[in-house]
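So the structure is just underneath, and the comments pick up after that.
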Protein chains: 2
Amino acid sequence: MPPASVRATLIEVAKLAGTSKTSVSRFFGPERERLTPSLQARIANAATTLGYQPNLMARGLKGGGSRLLGVLVADIRNPFSVAVVHGIEQAARAHGYSLIVCNTDNDPEREQQHLSLLKSYQVEGLIINAAGQPEAQLQALMHSGVPLVLLDREVHQLDVDVIGLDNALAIDMALDHLVQQGYRSLLYVSESPAHASTRQERLQRFNQQAESLGIKSQTLILGNSAPHFEALTVFTQHSASSPGAVLCANGNVTLAMTRSFQQLGIPLGPTGLMGIDELDWCELITPGITTLAQPTDDIGHAAVSCLLNQLNGSAPTSPVRYRHAPRLQVRGSTTLKPNL
Amino acid sequence: MPPASVRATLIEVAKLAGTSKTSVSRFFGPERERLTPSLQARIANAATTLGYQPNLMARGLKGGGSRLLGVLVADIRNPFSVAVVHGIEQAARAHGYSLIVCNTDNDPEREQQHLSLLKSYQVEGLIINAAGQPEAQLQALMHSGVPLVLLDREVHQLDVDVIGLDNALAIDMALDHLVQQGYRSLLYVSESPAHASTRQERLQRFNQQAESLGIKSQTLILGNSAPHFEALTVFTQHSASSPGAVLCANGNVTLAMTRSFQQLGIPLGPTGLMGIDELDWCELITPGITTLAQPTDDIGHAAVSCLLNQLNGSAPTSPVRYRHAPRLQVRGSTTLKPNL
DNA sequence: GAGCCTATTGGGAACGTTCCCATTTTACTG
DNA sequence: CAGTAAAATGGGAACGTTCCCAATAGGCTC
């Protein structure tokens, strides 16, 4: 028999099972075991007959918890973000939570809107990959008791858990690798670090480490219209005296730089190319692009467990800052002399 | 002044504004204009002071609509899916809707679970990129009045709107292009068409058209462990007599085939390679991979407007089957003689 | 077998809205 | 200026749950 076309309620199930709504409610909650086996059977029966499914809106209203987690992503089309969301989803589902995913397209205004929206839906926790610096709103959210976790990017003056890559380690690993491969001059390319702490951290670490290693280095900020061809051309011209490599701050940059290398006819290897973030196609560009892969699933899982810890009240007193180590994926683009 | 740390309710706003909850409710609904300007001002004032935000759970409960749309995606890591979700999100937001996005990872069981879940959240509409064939559940959903739209893949015995690519046209365009470029032998590669109508349609059309055009053709189904290297090698060996091209049924296949071409050392162009779905990196693989790009944003927008039409009761009597035309992106991988 | 404790069950209020309907106010007609 | 219609506002029930507490049933102890 097909379920009734109008949704059955707790009360109807109770009526059919010859019991009270309270018992039915218990049956679907964590107190099922308190019910007599025979009662349990009757309720189970009635529920299936009617095709009953709890109305989570009502539950959310009464205070039983919405079982929703809000996820705010700065750029949903970025494969890194998607991979992390995938991890978050896995972990959330394992704990009986669902996700409301909002995409801000890196627009602080949309971020604001989405934050109020998520609050309106009574999400039990929030995972935020910030586009702007919405301290005020987040602070308010925090004070109203909503667990918060920042993903990848920090927000000033906000003391909450942060999950992401160990940026310093990543840069160190990259420099290590490049120097070991014989590159003596480095160009670090990033998108504007203005609103993303991650970009700042990486950039800063790069400058600091390059200096302390005594390596010739420069940086290039990718603008929308920036004529970076010129900079790139100049950079590669010195390669005879000291071989150079380009380090890309993230996947987007790697894409842009790969394009530029091709358009300028710069061969990969003799001029090195390396990127943070692993992408499907990095192995396909001859001779392969070396990357630092982020453990995206781990990051997603970590974000959810931080949230759950906060929900259980078992959160540590001071915020956690969990930095994950990247995995170095060596390919041909950072091999100086392919023939040796 | 910071908003109160506990969420303000309609009643508190009403009290502060010296009016009734009904008026405040109206203020935040579509009947704002019915209120005296002075009353509107008082309410607006009180609301900002208290940092009031409607509780959408409560609204959803009472029947005012949850303002939620459910999106069920078969594979959230597929760039095509993400792009469509992006389009859906844009359109939904423009109409004041938010998204609960669920990922099934192509697992029919998870699909079932997610469907009940979405139902529980009282979503006002459902956009489904089916993993299995959940006719029963979807039928039930339909009968209970939830607007439904299928994305990309159809479900048997289910008469609802379907939005997706015009698969027949896509195959025709591909064949046209390949034949025009001089390829005389075609290999169509697809993932298992077992549970995805799209794959079936494309495959069938390919066979049908190849025959009616009198072209030598074969098909290859990509299994998990299938040793397709052999088939590919054999296929390319005849290329002297009649030049061959490989047509990939979707982005995943294009990725796999590109890998295989490289591992087998098959040059692109002399053996053609073309894929349905546009991907970031297709232009980067020398000499560029020809693709049929799907208008993902349009598809997303169309899905939302179908849903809204149904919600407004202005739906046409019989289900719409909206097929979008792909855009041909010609690149070097389908140029037989690069030197001419 | 009376008395008590515990395991099981049920009734009612509350959550924050929306919507129906009743009431008050305003504006207009003649 | 009474009379009436229309506009503006307010009161209360209802949505489907959960949770507190009361009530009942069952099993002990002495």
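Residue numbering restarts at 1 for every chain, and letters A, B, ... go by the order of the sequence lines.
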Whole-Å gap separating [atom2] ([N]) and [atom1] ([X]):
X: B:Arg32; N: D:dT9; atom1: CZ; atom2: C1'; answer: 17 Å
X: B:Met57; N: D:dT18; atom1: CE; atom2: C1'; answer: 15 Å
X: A:Leu61; N: D:dC15; atom1: CG; atom2: C1'; answer: 9 Å
X: A:Leu10; N: C:dA14; atom1: CG; atom2: P; answer: 19 Å
X: B:Asn55; N: D:dT17; atom1: CG; atom2: P; answer: 16 Å
X: B:Gln40; N: D:dA8; atom1: CD; atom2: C1'; answer: 12 Å
X: A:Tyr121; N: C:dT17; atom1: OH; atom2: C1'; answer: 14 Å
X: A:Arg67; N: D:dT17; atom1: CZ; atom2: C1'; answer: 15 Å

Is it true that [X] and [Y] make a salt bridge, defined as a side-chain N closer than 4.0 Å to a carboxylate O?
X: B:Arg26; Y: B:Glu33; value: no
X: B:Asp161; Y: B:Arg321; value: no
X: B:Lys15; Y: B:Glu12; value: no

Nearest listed nucleotide, side chain of A:Thr36, among C:dT9, D:dT18, D:dG16: C:dT9
C:dG16 phosphate, OP1 or OP2, under 4.0 Å from B:Thr9 side-chain N/O: no
D:dT17 phosphate, OP1 or OP2, under 4.0 Å from A:Tyr52 side-chain N/O: yes
With no hydrogens and no angle check, do the side chains of [X] and [Y] hold a donor and an acceptor under 3.5 Å apart?
X: A:Asp105; Y: B:His86; answer: yes
X: B:Ser81; Y: B:Asp75; answer: no
X: B:Gln90; Y: B:His301; answer: yes

Mind listing the closest non-hydrogen atom pair of [X] and [Y] along with its distance?
X: B:Gln137; Y: B:Ser116; answer: OE1-N, 3.9 Å
X: B:Ile163; Y: B:Ile299; answer: CG2-O, 3.8 Å
X: A:Met57; Y: B:Tyr121; answer: CE-O, 3.3 Å

Summary of protein contacts for nucleotides 19-28 of chain D, nucleotide by nucleotide, where a base hit scores B, a sugar-phosphate-only hit scores S (4.0 Å, heavy atoms): B---------
Sugar-phosphate, base or nothing in reach of A:Leu35, heavy atoms under 4.0 Å: sugar-phosphate
Sugar-phosphate only, base, or nothing, as touched by A:Leu39 at under 4.0 Å among non-hydrogen atoms: sugar-phosphate
Bend angle of the helix from C:dG1-D:dC30 to C:dG30-D:dC1, end axes from five pairs each (to 10°): 40°
